[in-house]
Amino acid sequence: MEPQSTLWRARGQSIARVALPAAGLTALWLLSRPYGGIVHDAQLYVGQALAELDPQGIGRDVMFVQDGQFGFSIFPHLLRFAVAALGPSLAAVGISLLGLLLWLAAMAALANRLAPGRRAWIILIFVCVLGPEYGAFGAFSYGEALAIPRPFAEAGVLAALAMWVSGRTGAGIGLLIAASLFHPIMALPGLAVVLVVLCIEDKRWIGAALAASGVVLVAAGLNLPLAGRLLTVMDPAWHDIVEARSRYLFPSHWPAEAWSRILIQGVTLVIAALLSEGRVRQLMTGVLCVSVAGLAAALIVGDLVPSLLIVQVQIWRSTWLLGVFAAAALALCSVTLWQKGGVFRAVLACLALGWVAATDLNFVVPASTVALVIFLGEPRLRDRIRPVLLRLAWVPVLALASLQAGILFSKLITVIQTKPQDAHLDLAMVQALGIHSLVITILAVIWANTAGRTWKHAWQAVASVALVLAAFMLWDDRSSLQKTIDRGTPDRELTQIIAGRPGDVVWLNPANLSWLQGGFSTWTLAGRPSWVTMMQGAGVVFSHPLALEWDRRVRQLIDLGLAGEQMRAPFTTPAVDRTPDVSHARLTTLCQSPNAPAWVIASMDHVGSTSGRAPVPTWQTPAAAVKLVVERDQITWKRYERYAIFGCSGDP
């Protein structure tokens, strides 16, 4: 019996040594993706589910009447069942959590194929904490904590690539097909990467790729559904609307910081690929090729032509894979280059400098160039650079990281000191400063490069338990008002005020509070369709009728001074606290226009002269919205909780 009990004890200890770090890593992943509620694109998908469940109410919203995007995914159908069974709040929480867990599981499978043992853990840590943004303007990130299909499609792609590295190409293709059912745009780069690596491995696949391209061109020439859009040039008026509302769709308009990040990611992946062998190198090469080709196609065919299909497919989104693999590549480089020693450590210093200053071309261009030159010229430089110079290479890295951390920490202190007592300090807001990324990656690199030393499992267990407890308490990062909005229960006081007149509601707010500017808030708190919101413009690239009608309504508000230019062009105009003058004259003009809204909800702070009209009812939100506003480097907090309700009947 003694040997048997000893065996079970050994197995238990072995499981604990894996389970505890795995739990800690999962908690770290969740803490790096706090749940903010039904916000951003989750409003679109959960809103569409509510619209299908209420076709005569929310379903009359112009965004759903003129829909052009929801029919390409099975996700809206699955979400509708979840919302009907659980309600919007619980369904969104559950689906967001499930998407994150599947994403991490798929990434763990891929990390174990890219590198064994401790290096796989380092890869996962880096992917967790490094900036996940891709594209431009911070519009998109990989592994989002949202009730949307993108995390599920990304998980399918990562799992498929893991299968390919393992030699299970058939299973990988099956996972890619499943990912395409959730979000074909996000799955397309994965399909392209597999095709590229198959061509690298077996040149006969090049013929198959050319044949497939020929079929697509023939289908486009015959103007078959979807394929015909490839040779269709986007209507100029439509293009103008889409370019203003969704500038991130056109890489020629991306700011320098977006290209700076892509450059350091690409150089890091090049070096990691050269350090790797076999299928891992082929996979990294495939990701590089697809990312570069996607950006080139988006610039040439999407920007200059522009092809309707290329603009809609958003082929530049191939950079989401570049972001994931670059984070993994930096983790591999941080171990391999350091252990190689000599000039390779100078290469690592240059890469580190580029990542610390990832949004500044003035640092990234020289850092990435020197990193490549030293790495490729290592045989000739090995005995020509003195050790003292190699150590000095880390001085600018440490100086910049310290300066950056100090600035960010001072900003955090200012935010905490100025925060009103009832304001919600988002975990996501704190993480956006990036201090945790510096600390965690440094600790991970130290741990990775001390493999010969003994690390007490007790410390790992304590860290894992602390992370799990923190995730349990902090992952749900919603404010009280956001939780109320998410429940989907109309506010009794508000619905009583607007009960006398059916129709759409337009909700006026300053640019810095656009998340409360109608949309999901109107659908849930008022139980009504929105007349026009910034969020409705997210789908204008997929629907020409929606684009024209949305633009007409937005321009009408802007011309009347009831909204700022930022509503039509959110990625070009600074988000300032523009105070709309909700005056009697302007409301009269709005209400007398064709297809006017039935009700106007406006913050009391922005209600101007009401002389010549009867007193209007006011409404107080279930909880105050206390918003952090940064204007000209000044940090202030603004409160919004009381609103005036204006009814439109020719003369409001």
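Small disclaimer: the values here were computed from a predicted structure and weren't measured.
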If you look at every heavy atom in [X] and [Y], which pair is closest and at what distance?
| X | Y | answer |
| --- | --- | --- |
| Ile264 | Ala358 | CG2-CB, 4.4 Å |
| Trp523 | Met63 | CH2-CE, 3.4 Å |
| Ala598 | Pro502 | CB-O, 3.2 Å |
| Gly302 | Pro306 | O-CB, 2.6 Å |
| Trp531 | Asn595 | NE1-O, 2.8 Å |
| Pro529 | Gly57 | CG-O, 3.1 Å |

To the nearest 0.5 Å, how far apart are [atom1] in [X] and [atom2] in [Y]?
| X | Y | atom1 | atom2 | result |
| --- | --- | --- | --- | --- |
| Gln314 | Trp320 | CD | CH2 | 15.0 Å |
| Leu50 | Phe64 | CG | CZ | 8.0 Å |
| Gln43 | Ser521 | CD | OG | 7.0 Å |
| Arg586 | Leu557 | CZ | CG | 11.5 Å |
| Ile74 | Leu79 | CD1 | CG | 12.0 Å |
| Glu493 | Ile498 | CD | CD1 | 11.5 Å |

Mind listing the side-chain donor-acceptor pairs of residues 132-147 below 3.5 Å, one per line with the distance, residues two or more places apart or on another chain?
residue, atom, partner, partner atom, Å
Glu144, OE1, Arg150, NE, 2.9
Glu144, OE1, Arg150, NH2, 3.3
Glu144, OE2, Arg150, NH2, 3.0

Quick one: does any side-chain atom of [X] pair with a main-chain N or O of [Y] as donor and acceptor, under 3.5 Å?
| X | Y | answer |
| --- | --- | --- |
| Ser530 | Val532 | no |
| Ser32 | Val129 | no |
| Asp477 | Pro34 | no |
| Thr319 | Leu322 | no |
| Arg501 | Cys648 | yes |
| Asp491 | Leu525 | no |
| Thr524 | Phe520 | yes |
| Gln482 | Ser479 | no |
| Ser543 | Leu546 | yes |

Would you say the side chain of [Y] lies within less than 4.5 Å of the side chain of [X], judging by non-hydrogen atoms?
| X | Y | answer |
| --- | --- | --- |
| Pro597 | Leu590 | yes |
| Leu31 | Leu474 | yes |
| Gln536 | Val554 | no |
| Tyr35 | Val93 | yes |
| Trp103 | Val324 | yes |
| Arg478 | Ser89 | yes |
| Asp486 | Pro88 | no |

Of all pairs that satisfy salt bridge (Lys or Arg N to Asp or Glu O under 4.0 Å), the ones with a partner from residues 533-550, not counting sequence neighbours:
Glu549-Arg552, Glu549-Arg553
According to the salt bridge (Lys or Arg N to Asp or Glu O under 4.0 Å) rule, which pairs have a member within residues 72-86, sequence neighbours left out?
Glu52-Arg80
Stepwise, does the side chain to side chain contact (heavy atoms under 4.5 Å, CB included) test hold for Thr621 with Tyr640?
CA-CA 8 Å; Thr621 55; Tyr640 300 90; over 6 Å; no
Side chain to side chain contact (heavy atoms under 4.5 Å, CB included) involving [X] - partner list, sequence neighbours excluded:
| X | value |
| --- | --- |
| Leu308 | Arg229, Thr232, Met234, Trp238, Gln312 |
| Val301 | Val305, Ser307, Ile310 |
| Leu304 | none |

Working note: Leu30 + Leu97, criterion side chain to side chain contact (heavy atoms under 4.5 Å, CB included); need CA distance, chi angles, decisive distance, verdict.
CA-CA 8 Å; Leu30 294 179; Leu97 181 59; 3.9 Å; yes
Go through Arg60 and Gln56 one step at a time and tell me if the side chain to side chain donor-acceptor pair (under 3.5 Å) criterion holds.
CA-CA 6 Å; Arg60 292 181 179 271; Gln56 298 305 313; 2.5 Å; yes
Regarding Ser593 and Gln556, do their side chains bring together a donor and an acceptor under 3.5 Å, going by distance alone?
yes
Verdict with supporting geometry, Leu494 and Ile645, side chain to side chain contact (heavy atoms under 4.5 Å, CB included):
CA-CA 9 Å; Leu494 177 58; Ile645 314 296; 3.9 Å; yes
Salt bridge (charged side-chain N to carboxylate O under 4.0 Å, His left out) with Asp504: which residues, sequence neighbours excluded?
none
Considering residues at least two apart in sequence or located in another chain, which fulfil the salt bridge (charged side-chain N to carboxylate O under 4.0 Å, His left out) criterion with Asp235?
none
Listed by chain and number, what are the ring pair (Phe, Tyr, Trp, His ring centres under 6.0 Å) partners of [X], not counting sequence neighbours?
| X | value |
| --- | --- |
| His40 | none |
| Trp254 | Trp259, Trp316 |
| Phe542 | none |

Relative to each other, are the rings of Trp507 and Trp619 parallel, tilted or perpendicular (30° and 60° limits)?
perpendicular
Mind checking whether Phe182 and Phe152 have parallel, tilted or perpendicular rings, split at 30° and 60°?
parallel
Go through Ser603 and Leu508 one step at a time and tell me if the side chain to side chain contact (heavy atoms under 4.5 Å, CB included) criterion holds.
CA-CA 7 Å; Ser603 171; Leu508 304 179; over 6 Å; no
If you look only at distance, which donor and acceptor atoms sit under 3.5 Å apart when one is on a side chain in residues 241-251 and the other is two or more places apart or in another chain?
residue, atom, partner, partner atom, Å
Glu243, OE2, His253, NE2, 2.5
Arg245, NE, Met534, O, 3.1
Arg245, NH2, Met534, O, 3.2
Arg247, NH2, His253, ND1, 3.2

